[in-house]
Amino acid sequence: MESRCENCIVRQFNSLRAMNKEELKKVSDSKIYKTVKKGDIIFKEGDRLNGVYCVRSGVSKLAKLSPNGKDQIVKLASKGEVIGQRSVIAEEKVNLSATAISDMEVCFIPKDDIVNTLHNNPNFSLEVLRHMAHDLKEADDVIVNMSQKTVKQRIAEAFLYLSKNFGEDNEGFLILTLSREDIANVVGTATESCIRIISEFKKEGLLKASGKKISITNPKKLQELADGF
């Protein structure tokens with residue numbers, strides 16, 4: 001069910017928490033609640049956005065298309081995150097595409113509400129800067145991993161990230177299931193290489209699979225592999 005921004009717990013995870021009651025009321029009155037099906041595109045690289053999207057539930061992948069036509073997944077955006085913020089504030093075309101990798105609920109917040117609050121609420125401006133700085137730090141880590149870690153290490157790290165950030169079900173399988181292609185696009189390798197390495201991990205007892213679902217069976221050893229030991 002749709003709720004008012006003033007009462008929504010999701011905003012505590014993003015810069016909207018710095019808005020005052022009057023600002024939140026304006027956002028609530030103008031926002032558009034949307035459901036997004038798995039596989040649907042929220043926005044495409046090169047689009048001009050007239051607002052931002054606050055993720056209420058579900059996960060989207062933010063990806064950039066390389067010159068060879070291959071997607072590089074830069075980030076997974078989940079509950080509480082605001083996507084499209086940088087493009088709106090910079091008044092630039094969006095640099096990444098956003099696609100739902102699970103069913104999602106999002107709230108579209110018009111650009112004017114964000115820009116007006118930036119001008120009038122320094123606490124909100126500071127929160128936006130903090131979140132952008134965090135995104136830049138994550139981007140730095142991705143660059144370092146790409147240049148210094150092997151494909152095996154990056155794939156091991158990807159599974160540990162999925163476990164830590166999205167959890168496991170009652171049977172121990174990862175709640176968020178990525179396709180082999182998506183995992184390859186996260187770590188920057190060919191899908192065939194990703195499939196081969198996952199198969200090796202299963203033979204070594206690091207992972208277990210049941211259909212598309214995957215479970216980490218030896219997290220300690222997988223962590224040691226990710227760390228290069």
[atom2] on [Y] to [atom1] on [X], rounded to 0.5 Å:
X: Leu206; Y: Ile216; atom1: CG; atom2: CD1; result: 9.5 Å
X: Phe159; Y: Leu222; atom1: CZ; atom2: CG; result: 8.5 Å
X: Thr191; Y: Glu181; atom1: OG1; atom2: CD; result: 5.0 Å
X: Glu23; Y: Asn116; atom1: CD; atom2: CG; result: 9.5 Å
X: Ser87; Y: Arg48; atom1: OG; atom2: CZ; result: 7.5 Å
X: Ile109; Y: Asn50; atom1: CD1; atom2: CG; result: 14.0 Å

Tell me if a side-chain donor or acceptor on [X] pairs with a main-chain N or O of [Y] at a distance below 3.5 Å.
X: Thr217; Y: Gly205; value: yes
X: Gln153; Y: Thr150; value: yes
X: Asn165; Y: Tyr161; value: yes
X: Arg154; Y: Val187; value: yes
X: Asp103; Y: Lys38; value: yes
X: Glu127; Y: Arg17; value: no
X: Asn121; Y: Asn123; value: yes
X: Thr189; Y: Ala184; value: no
X: Asn14; Y: Val82; value: no
X: Ser102; Y: Val59; value: yes

Query raised in the report: What's the verdict on salt bridge (charged side-chain N to carboxylate O under 4.0 Å, His left out) for Glu171 and Lys213, showing C-alpha distance, side-chain angles and the deciding distance?
Result: CA-CA 10 Å; Glu171 297 179 331; Lys213 298 192 297 182; 3.4 Å; yes
Would you say the side chains of [X] and [Y] form a donor-acceptor pair under 3.5 Å?
X: Gln85; Y: Ser15; value: yes
X: Asp227; Y: Gln223; value: yes
X: Glu168; Y: Ser215; value: no

Query raised in the report: After noting the C-alpha distance and the side-chain angles of Ser57 and Glu105, does the key distance pass the side-chain hydrogen bond (donor to acceptor under 3.5 Å, both in side chains) rule?
Result: CA-CA 5 Å; Ser57 67; Glu105 294 177 314; 3.1 Å; yes
Close side-chain approach of [X] and [Y], heavy atoms under 4.5 Å:
X: Leu160; Y: Lys164; value: no
X: Leu76; Y: Leu176; value: yes
X: Lys75; Y: Glu81; value: yes
X: Ile155; Y: Phe201; value: yes
X: Met132; Y: Arg86; value: yes
X: Cys194; Y: Ile198; value: yes
X: Tyr53; Y: Ile42; value: yes
X: Ile101; Y: Asp182; value: yes

Query raised in the report: Stepwise, does the side-chain contact (heavy atoms from CB on, under 4.5 Å) test hold for Leu225 with Lys221?
Result: CA-CA 6 Å; Leu225 175 58; Lys221 191 171 180 182; 5.9 Å; no
Report task. Could you check Asp40 against Thr99 for side-chain contact (heavy atoms from CB on, under 4.5 Å), going step by step and ending with a plain yes or no? Result -> CA-CA 6 Å; Asp40 285 353; Thr99 306; over 6 Å; no
Check the hydrophobic clustering (I, L, V, M, F, W, Y; side-chain heavy atoms under 4.5 Å; chains of links allowed) and say if [X] and [Y] are grouped together.
X: Ile89; Y: Val94; result: yes
X: Leu178; Y: Val55; result: no
X: Leu174; Y: Leu207; result: yes
X: Phe43; Y: Ile32; result: yes
X: Leu96; Y: Val186; result: no

Specify the closest pair of heavy atoms between [X] and [Y], including all atoms of both residues, with the distance to one decimal.
X: Gly188; Y: Gln72; value: CA-OE1, 3.5 Å
X: Lys70; Y: Ala190; value: NZ-CA, 4.4 Å
X: Thr35; Y: Tyr33; value: CG2-OH, 3.9 Å
X: Ala77; Y: Ile83; value: CB-CG2, 3.6 Å

Could you check whether [X] pairs with [Y] (Lys NZ or Arg NE/NH1/NH2 to Asp/Glu carboxylate O, under 4.0 Å)?
X: Glu200; Y: Lys203; value: no
X: Lys93; Y: Glu45; value: no
X: Glu192; Y: Arg196; value: no

Query raised in the report: Got more than 12 heavy atoms from elsewhere within 6.0 Å of NZ, Lys149?
Result: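 For Lys149, atom NZ is crowded (more than 12 foreign heavy atoms under 6.0 Å).
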Query raised in the report: More than 12 heavy atoms of other residues, nucleotides or ligands under 6.0 Å from NZ of Lys79: is that the case?
Result: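 Open.
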Query - Six-ring centre of Phe108, Lys34 cation under 6.0 angstrom, axis tolerance 45° - result: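 Judged by the rule, Lys34 and Phe108 form a cation-pi pair.
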